[in-house]
Amino acid sequence: MPDQTPLQACQPTLESLPVTADAIRQDIKQYQFYHLGRILKDCPPVYTYRALAWTLRDRLMSDWMNTYARRDLPGKRRAYYMSLEFLIGRALSNHVLNLDLDKTARASLQDFGHSMEELVEEEPDAGLGNGGLGRLAACFMDSCASLDLPVMGYGIHYEYGMFRQRIENGYQKEDADHWLRDGNPWEVERTEFIQRVQFGGRTEHFTDKEGVRHARWVDTSDVLAIPFDMPISGYRNHAVNTLRLWKSTATDAFNLDEFNAGSYTEAVQEKNHAEHISMVLYPNDSSENGKELRLRQQYFLASASLKDALRQWHAAGNSDLSKFADDNVFQMNDTHPTIAVAELMRLLMDDYRLDWDKAWAITTQCMAYTNHTLLPEALERWSVALFERLLPRLLEIIYEINARFLRTVSMKWPGDLDRQRRMSIIEEGGVQQVRMAWLAIVGSFSVNGVAALHSQLLRDGLFRDFVDLWPDKFNNKTNGVTPRRWVAHANPGMSALITREIGDGWVADLSQLEKLKPLAELSNKAFHADWHAAKRANKERLAALVKADCGVEFNPDALFDVQVKRIHEYKRQLLNVLHVIHLYSRIKKGHMQGWADRCVLIGGKAAPGYAMAKRIIKLVNSVAEVVNNDPDVNGRLKVAFLPNYRVSSMEIIAPATDLSEQISTAGKEASGTGNMKFMMNGALTIGTYDGANIEILDAVGEDNFFLFGLRAGEVDALRGHYQPHTYLEQDHELRDVIDLIGSGHFNPVEPGIFDMILGAILSPHDPWMTLADFRSYVDAQNLVSLAWHDKANWTRMSILNTASSGFFSTDRTMAEYNRDIWKLRPA
Ligand code: 26W
């Protein structure tokens with residue numbers, strides 16, 4: 001409820017509804033009967049879920065309004081988190097936790113014949129994101145609310161979220177995720193704040209009465225952006241922030257000519273076209289595909305959000321635009337929304353008639369950019385021709401930004417044409433392209449990476465020229481995850497245990513987990529036993545899920561070895577599979593010295609167009625099929641591929657994991673955040689010196705972490721003379737693994753299907769250098785198995801991992817963004 005106008009009509013502080021079990025029960029009944037038209041008896045659980053969701057949303061409403069009433073004052077500074085992705089997952093239990101209503105809500109459900117657990121399962125995941133970047137945005141929103149920071153999220157109200165993954169004959173199949181089919185009980189549609197977004201058309205330049213030159217964008221095809229607000233509750237602090245998601249729709253003005261000519265359906269088609277913009281999330285998380293609709297989405301988000309932020313700022317009683325940057329900051333989640341730089345310039349100049357210098361000063365004082373990847377194929381570039389057609393006025397502005405910027409460059413480095421070419425926002429060459437990362441850097445006052453190594457590599461590599469020019473713009477903000485969802489909610493058993501020992505202050509201040517350190521000592525037998533029992537119960541819960549979804553039996557006493565994340569060559573699920581095959585071949589040969597029984601779980605989605613990633617999934621499933629059914633294995637090794645990995649599955653997986661696989665090629669994983677979820681839940685990590693693994697290693701100490709593999713510098717140094725065959729020659733265990741795949745042992749009825757995988761890892765051009773790390777990985781895995789045998793010491797290391805994970809709370813991350821970039825005052 002972020003606007004003053006409706007609030008002024010009501011009293012300054014709105015009363016909240018009663019939160020007794022009776023009152024809640026009464027409201028659920030009310031919604032179920034009077035609103036949904038379902039009688040109590042035999043009501044399908046989905047309706048009871050919806051009635052409960054509305055009942056709880058009602059309990060958030062007064063805090064939601066009051067949060068904005070407190071903040072909606074002139075001169076109050078705010079941040080806006082702009083992201084094409086918010087991977088929220090489910091909201092019900094999150095709000096229940098934040099409102100401290102778990103016991104009450106359970107008690108209120110007696111009459112309905114459904115348990116809380118059943119109702120929770122009725123909520124579809126809000127899968128409005130691909131992976132790490134989208135989930136990070138959701139964790140950030142949670143922490144901002146819990147810190148009572150005035151931050152609003154801006155995103156897209158996708159009708160279809162991340163596709164659902166099915167496995168058929170070992171292959172990934174995609175189904176549409178129509179998560180909004182039955183409506184979304186949490187959201188509030190706010191048609192009073194609709195914005196109009198322009199596309200196409202042409203620009204006109206003219207001189208006003210005072211003789212000043214201006215531009216206007218005319219003959220455009222417009223679409224409307226309707227905001228849907230999702231409440232983001234803070235942890236027990238009565239703060240409720242807003243995630244505002246824009247849905248596209250046609251303007252009401254139908255094409256009347258066509259209408260009158262009897263072409264009703266053609267006129268309606270326009271509506272269809274407009275609605276496409278927010279129809280579906282693009283399922284690529286590492287390579288841009290240059291699709292026009294994607295650029296439309298990006299501009300749609302940027303334009304609607306900036307107009308809305310300007311509207312809010314005016315509504316709060318402000319008018320002097322020279323103060324706009326004092327009151328507003330926009331954090332851009334990767335380059336996806338960075339057309340916002342040019343759009344804010346356009347709004348300030350064309351709509352508010354500011355001159356270039358004033359508009360540029362404002363823009364560059366309120367834009368901030370976060371980079372999430374170093375992979376060159378993920379760097380967004382848009383063809384100038386496409387820009388010209390879709391956003392002609394924005395292209396003009398980008399050209400002007402670039403011309404002025406290149407003048408700065410040439411003043412600093414006169415005659416250095418090569419540098420100018422490298423730094424130009426417009427890439428010349430066959431097809432001219434707009435480099436969105438360069439636009440973001442030039443237009444922002446802050447540029448950050450997401451882990452210490454990542455930020456360093458950006459400084460030394462990709463962004464080097466810009467660091468030479470503006471060293472103070474660049475900073476690091478190591479990622480985190482929210483401990484509310486990822487520990488308090490996902491791991492109630494361990495949470496109760498921690499609270500019993502150190503009180504519940506850790507939920508809002510994760511650094512307090514440090515207090516567990518003394519309890520890790522081996523002498524604390526009782527605590528150790530309870531810790532182990534909590535983990536064991538979580539493993540049973542995961543084993544049930546694996547049984548149900550994969551048909552594979554996991555023994556909760558075995559080591560649970562887990563890798564879940566998007567499937568990508570740089571993340572090296574292949575290295576994991578090579579190790580699994582190696583374990584299998586050890587069993588076949590009877591080499592059982594130091595053996596530990598393992599259950600290996602792999603899960604993740606492959607981008608639908610990424611053939612190699614899809615083949616890797618097939619390999620995992622084929623290996624699983626053979627290993628799980630070979631009588632020689634006899635249950636000592638189990639392998640499963642968990643279909644449709646998503647936020648709600650991670651809530652079961654992380655608490656049950658013993659060993660977290662973080663095995664990317666060094667220098668390629670910007671940060672990783674799954675690594676943090678596992679650590680918080682007491683898993684040990686086997687990992688490369690990459691991304692936030694390095695900071696995890698620092699925090700927990702090298703004795704409690706299984707480090708292996710080349711460092712980023714070594715990977716770089718090896719490029720150009722990488723010789724995978726030398727590893728084969730030196731390592732007969734590696735040879736056995738490769739031979740086993742090559743022999744067709746895992747694909748007797750589909751000959752040749754894994755040739756492309758062997759071709760990739762045996763190539764001297766393999767950018768991920770999988771074979772270079774095989775030996776050191778297997779050695780580290782052998783140490784894992786040895787460590788697993790010493791149960792007491794494993795539990796000690798597990799406790800130490802949780803106890804050392806405080807730094808990885810997004811509360812800390814957000815506090816750093818706020819201290820260094822946003823500079824907001826908690827309300
Ligand atoms: C344009 C296609 C596209 C879409 C998404 C390219 C790149 C992306 C993202 C940047 C991919 C992503 O999710 N990156 C991940 O961001 C996480 C949060 O910072 C990091 O923890 C991961 O290491 C990083 O891969």
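Computed from heavy atoms alone, side chains included, the values below leave out hydrogens, waters and symmetry copies. Residue numbers start at 1 and run along the sequence shown. All ligand and atom numbering here is 1-based and tracks the order in the structure. Nothing here was measured: the structure is a model prediction, and the numbers come from that model.
Looking from atom 2 (C) of ligand 1 to the surrounding protein, the closest heavy atom is Ser287 O, 3.7 Å. In terms of protein heavy atoms, atom 5 (C) of ligand 1 is closest to His336 CE1, 3.5 Å. With respect to atom 11 (C) of ligand 1, the closest heavy atom belonging to the protein is Asp285 O, 3.0 Å. Summary of contacts: the protein heavy atom closest to atom 23 (O) of ligand 1 is Glu669 OE1, 2.6 Å. From the protein, the heavy atom lying nearest to atom 21 (O) of ligand 1 is Gly672 N, 2.8 Å. Here the protein heavy atom with the shortest distance to atom 4 (C) of ligand 1 is Asn284 O, 3.3 Å.
Using a 4.0 Å cut-off between heavy atoms, Leu375 makes no contact with ligand 1 at all.
A donor-acceptor pair shorter than 3.5 Å cannot be found between the side chains of Asn448 and Asn475. Side-chain polar atoms of Asn479 and Thr673 form no donor-acceptor pair below 3.5 angstrom. There is no side-chain donor-acceptor pair under 3.5 Å between Ser286 and Glu377. Between Asn130 and Glu85, the side chains place a donor N or O and an acceptor N or O closer than 3.5 Å (distance only, hydrogens not considered).
Residue contacts with ligand 1: His372 is placed with a nitrogen or oxygen under 3.5 Å of a nitrogen or oxygen of the ligand (distance criterion only). In terms of polar-atom proximity, defined here as any N/O pair under 3.5 Å, Ala378 makes no such contact with ligand 1. In terms of N/O distances under 3.5 Å, ligand 1 is approached by Leu133. Between Tyr570 and ligand 1, a contact under 3.5 Å exists for at least one N or O pair. The distance criterion of under 3.5 Å between nitrogen or oxygen atoms is not met by Asp334 with respect to ligand 1. Geometrically, ligand 1 and Thr373 share no nitrogen or oxygen pair separated by less than 3.5 Å.
When each atom of ligand 1 is checked for a heavy atom of Ala670 under 4.0 Å away, the hits are 23 (O). Atoms of ligand 1 found under 4.0 Å from any heavy atom of Val450, numbered from 1 in the order shown, are 19 (O).
Under a 4.0 Å N-O distance rule, the pair Glu174/Lys605 does not qualify as a salt bridge.
Checking side-chain atoms of Asn371 against main-chain N and O of Thr373 turns up a donor-acceptor pair under 3.5 Å. Remark: the backbone N or O of Phe560 is paired with a side-chain donor or acceptor of Asp658 at under 3.5 angstrom. Not one N or O on the side chain of Thr685 forms a donor-acceptor pair closer than 3.5 Å with the backbone of Gly687.
Note that Arg812 lies in the cation-pi zone of Phe807, set by a 6.0 Å cut-off to the ring centre and a 45° limit from the axis.
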When the side chains of residues 707-718 are checked against the rest of the protein, which donor-acceptor pairs come out under 3.5 Å, sequence neighbours left out?
from	atom 1	to	atom 2	distance (Å)
Glu714	OE1	Arg711	N	2.7

